[in-house]
A.B. asks: 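Dropping a structure here in structure tokens format, bear with me for questions.
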Amino acid sequence: MKRSSRLLIVSNRIPVRRMRRSGSTSWEQSSGGLVTALAPILQQRQGTWIGWAGNTGRAPEPFSLDGIRYQPVSMTKGELDDYYFGFSNRTLWPLYHDSVRAPEFRRRWWWPYVDVNKRFAEAVAAAARPGDTVWIHDYHLQLTPSMLRELRPDLRIGFFLHIPFPPEELFAHMPWRTQILEGMLGADLLGFQTAAGARHFAAAAKRFTEAHGPAGDMRFRGRHVRAAAFPISIDVDRFEMLAQDPDVMARRDRLRARLGGNRTILLGVDRLDYSKGIDIRLRAFEELLKSGAAKPSECVFVQIAVPSREEVEDYAQIRTDVEQIVGRINGEFGEAGQATVHYLHRNIPQPELVSHYLAANVMVVTPFRDGMNLVAKEFVASRVDDDGVLVLSEFAGAANELRAALQVNPHDLDGVTASYEAALSLSRADRRKRMRSLRRAVKRHDVFDWADHFLEALTS
Ligand code: GDG
């Protein structure tokens with residue numbers, strides 16, 4: 001990358017939290033994987049991060065924190081409803097996740113989506129110096145690349161989609177398909193989690209726009225546009241370090257003891273989202289108990305479900321569904337003082353999360369569709385003891401790399417139940433062999449390599 005060119009990151013949210021302590025306001029960096037990966041690069045390159053700060057009405061003034069400049073973009077309450085909860089999370093999210101819930105195509109959400117994308121493009125255009133590099137993230141901002149190119153043809157523009165890009169036949173349902181594709185084609189480089197995502201995008205682009213040529217070298221309106229896979233990863237060293245922290249290990253031991261000493265622990269960790277397959281994994285656990293293949297005194301399921309998008313009806317519904325299944329299993333198989341499913345509807349601190357990864361015998365990751373799924377990789381990175389079994393949906397992007405997991409089709413209830421039985425019966429030697437292979441896969445490239453590869457490809 002050219003030394004003189006600065007880097008601007010653009011995402012729906014800037015990764016900061018506003019703290020109010022004794023009357024004064026300050027900002028604190030939040031701990032997502034993206035900010036961890038990009039912070040060192042941004043600090044080195046005097047970078048700027050542009051995005052929504054989480055409040056409606058006037059945007060807070062730009063500020064600097066830990067060597068990164070943050071530039072908030074404003075959003076009205078109506079735009080939050082239409083652009084974010086509406087078009088982003090009730091149209092794009094379900095459509096891009098194989099339509100596991102029906103996407104809603106509402107015309108009144110489209111224009112706010114256009115307007116907000118425009119505002120982001122204008123904010124970047126105003127902040128960028130000649131020749132800067134801009135990296136735009138995710139489905140909320142698919143129109144921003146071409147809007148920005150129009151304003152600032154001198155910039156290098158990259159775009160990364162964190163969620164899957166759907167097969168052409170599914171994407172074809174989108175009433176604004178041409179506008180969205182043309183929006184994305186404004187970038188020089190388009191990154192996807194998987195090769196299939198890049199392929200799907202190129203197929204749709206060729207069908208619905210003037211783009212032509214192979215995914216890796218498309219031509220669009222006289223420019224080269226490249227679509228390729230850049231599978232995201234995690235800060236592997238951080239999880240390995242936490243896993244060896246005496247305090248985290250002590251928490252693991254306390255957790256195991258609290259859950260009943262010798263009971264086999266199955267664990268799920270997700271945002272409470274209908275794409276994650278939390279319902280199917282609990283129903284499979286219920287089947288396992290019903291069949292007698294496992295006794296409630298011998299095993300326990302812990303599900304951490306982080307509250308998410310609760311304003312959207314399908315999310316309220318999946319919460320009700322999950323809580324009903326939890327209640328049914330505990331009603332049927334629990335004893336006073338001994339629950340069969342422990343359900344935590346909250347976010348827990350990361351050291352606590354890692355102590356759960358360490359306590360688990362079986363990590364269950366069963367999304368119907370997932371861009372990557374970082375939880376699967378974090379579990380593997382944490383298991384420095386080479387133990388623990390990963391049950392993983394074949395429809396998570398992570399399945400491409402985590403071949404030694406017990407891979408399942410989450411639409412197949414009997415298949416998921418059978419995978420639990422298989423997990424419970426694996427010998428220590430088999431578990432070790434699989435986990436070692438998984439760990440090699442996860443350690444092959446971390447989130448820092450991911451960011452480097454993308455930025456190198458963008459600027460070369
Ligand atoms: C999108 C795509 C893609 C979860 N519970 C707690 C907690 N977490 C953290 C995990 C992990 C992250 O949240 C979840 O990441 P995922 O990848 O599993 O899923 P999405 O939120 O849907 O992310 C996905 C990702 O973007 C990156 O490109 O992989 O496919 O959908 O890091 O650790 N963290 C803490 N407490 C919790 O209770 N501290």
Side-chain angles (χ1 to χ4, degrees), residues 9 11-13 15 17 29-38 88-89 92-98 100 135-140 159-166 191-194 196-197 229-236 238-239 242-243 248 251 255 267-278 281 302-309 315 318 342-358 360 363-382 390 392-393 395-402 442 445-447 450-451 454:
I9 301 292
S11 65
N12 173 55
R13 277 298 295 266
R17 275 190 306 263
Q29 217 173 54
S30 50
S31 62
L34 193 60
V35 64
T36 313
L38 297 175
S88 296
N89 287 318
L92 292 168
W93 180 273
L95 179 68
Y96 285 25
H97 288 86
D98 283 358
V100 289
W135 189 2
I136 302 165
H137 289 262
D138 232 359
Y139 59 104
H140 319 85
F159 178 89
F160 184 78
L161 186 68
H162 289 257
I163 67 175
F165 194 90
F192 297 87
Q193 299 278 25
T194 63
F230 293 86
I232 200 169
S233 190
I234 56 166
D235 183 350
V236 177
R238 178 174 171 80
F239 282 90
L242 277 170
V248 171
R251 283 171 200 243
L255 182 62
L267 174 68
V269 175
D270 316 75
R271 271 187 311 99
L272 185 36
D273 191 299
Y274 54 74
S275 67
K276 300 287 184 185
I278 303 171
R281 82 176 65 134
V302 179
Q303 176 65 52
I304 298 169
V306 180
S308 182
R309 304 174 196 164
Y315 286 75
I318 187 65
H342 291 261
Y343 165 73
L344 282 72
H345 183 240
R346 76 192 74 126
N347 199 297
I348 61 174
Q350 206 175 45
E352 187 69 27
L353 178 68
V354 174
S355 72
H356 281 72
Y357 289 151
L358 293 177
M363 181 82 217
V364 190
V365 182
T366 52
F368 297 114
R369 181 59 74 186
D370 215 331
M372 179 53 62
N373 196 291
L374 299 181
V375 166
K377 291 189 171 181
E378 292 167 2
F379 169 69
V380 169
S382 303
L390 175 63
L392 177 63
S393 162
F395 303 119
N400 291 327
E401 293 160 83
L402 304 182
V442 167
H445 81 133
D446 63 13
V447 72
W450 168 79
F454 185 90

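Bear in mind that the values here come from a model prediction, so they are computed numbers and not experimental data. Here, residue 1 is the first one in the sequence, and each next residue gets the next number. Note that ligands are numbered from 1 as they come in the structure, with each ligand's atoms numbered from 1 the same way.
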A.B. asks: Indicate whether the side chain of Ser355 and that of Arg251 have a donor and an acceptor atom separated by less than 3.5 Å.
C.D. replies: no
A.B. asks: Considering residues, nucleotides and ligands other than Arg238, do more than 12 of their heavy atoms fall under 6.0 Å from its CZ?
C.D. replies: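 For Arg238, atom CZ is not crowded (no more than 12 foreign heavy atoms under 6.0 Å).
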A.B. asks: Pairs of nitrogen or oxygen atoms closer than 3.5 Å, one from Trp93 and one from ligand 1: do any exist?
C.D. replies: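 No, no N or O pair falls under 3.5 Å.
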A.B. asks: If we only count N/O pairs under 3.5 Å, is Lys276 in contact with ligand 1?
C.D. replies: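 Yes, since at least one N or O of Lys276 sits under 3.5 Å from an N or O of ligand 1.
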A.B. asks: Applying a 4.0 Å heavy-atom criterion (strictly less than), which segment of Leu374 is in contact with ligand 1: side chain, backbone, both, or neither?
C.D. replies: both
A.B. asks: What atoms of ligand 1 come within less than 4.0 Å of a heavy atom belonging to Gln350?
C.D. replies: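 This gives 39 (N) as the contact atoms.
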A.B. asks: Below 4.0 angstrom from a heavy atom of His162, which ligand 1 atoms are there? Numbered from 1 as shown, please.
C.D. replies: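 Selected atoms, number and element: 2 (C), 3 (C), 26 (O), 27 (C), 28 (O), 30 (O).
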A.B. asks: Let me know which of Tyr139, Phe192, Phe165 forms a ring pair (Phe, Tyr, Trp, His ring centres under 6.0 Å) with Tyr96.
C.D. replies: Phe165
A.B. asks: Counting N and O atoms only, with roles assigned by atom type, does the side chain of Arg271 sit under 3.5 Å from a partner on the main chain of Arg309, one being a donor and the other an acceptor?
C.D. replies: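 No: the side chain of Arg271 does not pair with the backbone of Arg309.
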A.B. asks: Quick one: which ligand 1 atoms are inside 4.0 Å of a heavy atom on Asp370?
C.D. replies: 24 (C), 30 (O), 31 (O)
A.B. asks: With heavy atoms under 4.0 Å as the rule, classify the contact between Met372 and ligand 1 as side chain, backbone, both or neither.
C.D. replies: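 Both backbone and side chain.
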A.B. asks: Pull out every atom of ligand 1 sitting under 4.0 Å from any heavy atom of Glu378, numbered as shown with elements.
C.D. replies: 10 (C), 11 (C), 32 (O), 33 (O)
A.B. asks: Angle between ring planes, Tyr357 versus Phe379, binned at 30° and 60°: parallel, tilted or perpendicular?
C.D. replies: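 Tyr357 vs Phe379 ring planes: perpendicular.
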A.B. asks: Out of all atoms in ligand 1, which are within 4.0 Å of some heavy atom of Asn347? Include the element for each.
C.D. replies: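 Answer, ordered by atom number: 35 (C), 36 (N), 37 (C), 38 (O), 39 (N).
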A.B. asks: Ignoring angles and geometry beyond distance, decide whether Val306 reaches within less than 3.5 Å of ligand 1 through its nitrogen or oxygen atoms.
C.D. replies: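 For ligand 1, there is no N or O atom that lies under 3.5 Å from one belonging to Val306.
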A.B. asks: Please say whether His97 places an N or O atom under 3.5 Å from an N or O atom belonging to ligand 1.
C.D. replies: no
A.B. asks: Which atoms form the tightest heavy-atom contact between Leu392 and Leu402, and what is the distance?
C.D. replies: CD2-CB, 3.8 Å
A.B. asks: Side chain, backbone, both or neither: which part of Ile348 comes within less than 4.0 Å of ligand 1 when only heavy atoms are counted?
C.D. replies: both
A.B. asks: Should the pair His137 and Trp450 be assigned to parallel (<30°), tilted (30 to 60°) or perpendicular (>60°) ring geometry?
C.D. replies: tilted
A.B. asks: With heavy-atom distances below 4.0 Å as the criterion, list the atoms of ligand 1 near Gln193.
C.D. replies: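 Checking each atom against Gln193, I get 3 (C), 28 (O).
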A.B. asks: What I'd like to find out is whether the side chain of Pro367 reaches to under 4.5 Å of the side chain of Ser275, using heavy atoms alone.
C.D. replies: no
A.B. asks: With heavy-atom distances below 4.0 Å as the criterion, list the atoms of ligand 1 near Arg271.
C.D. replies: 20 (P), 21 (O), 22 (O)
A.B. asks: Any idea which atoms of ligand 1 are less than 4.0 Å away from a heavy-atom of Val269?
C.D. replies: 4 (C), 5 (N)
A.B. asks: Below the 3.5 angstrom mark, is there an N/O of Ile163, backbone or side chain, next to an N/O of ligand 1?
C.D. replies: no
A.B. asks: Taking the side chain as every heavy atom from C-beta outward, state whether Leu374 and Ile232 have any pair of such atoms under 4.5 Å apart.
C.D. replies: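 In short, these two side chains touch, coming nearer than 4.5 Å.
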A.B. asks: Determine the minimum heavy-atom distance between Arg281 and Thr366, stating which atoms define it.
C.D. replies: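 That closest heavy-atom pairing would be NE-OG1, 2.9 Å.
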A.B. asks: What do we get for Leu34 next to ligand 1 when only non-hydrogen atoms under 4.0 Å count, side chain, backbone, both or neither?
C.D. replies: neither
A.B. asks: Looking only at non-hydrogen atoms, find the nearest pair between Gln29 and Arg17 and report the distance.
C.D. replies: O-NH2, 4.1 Å
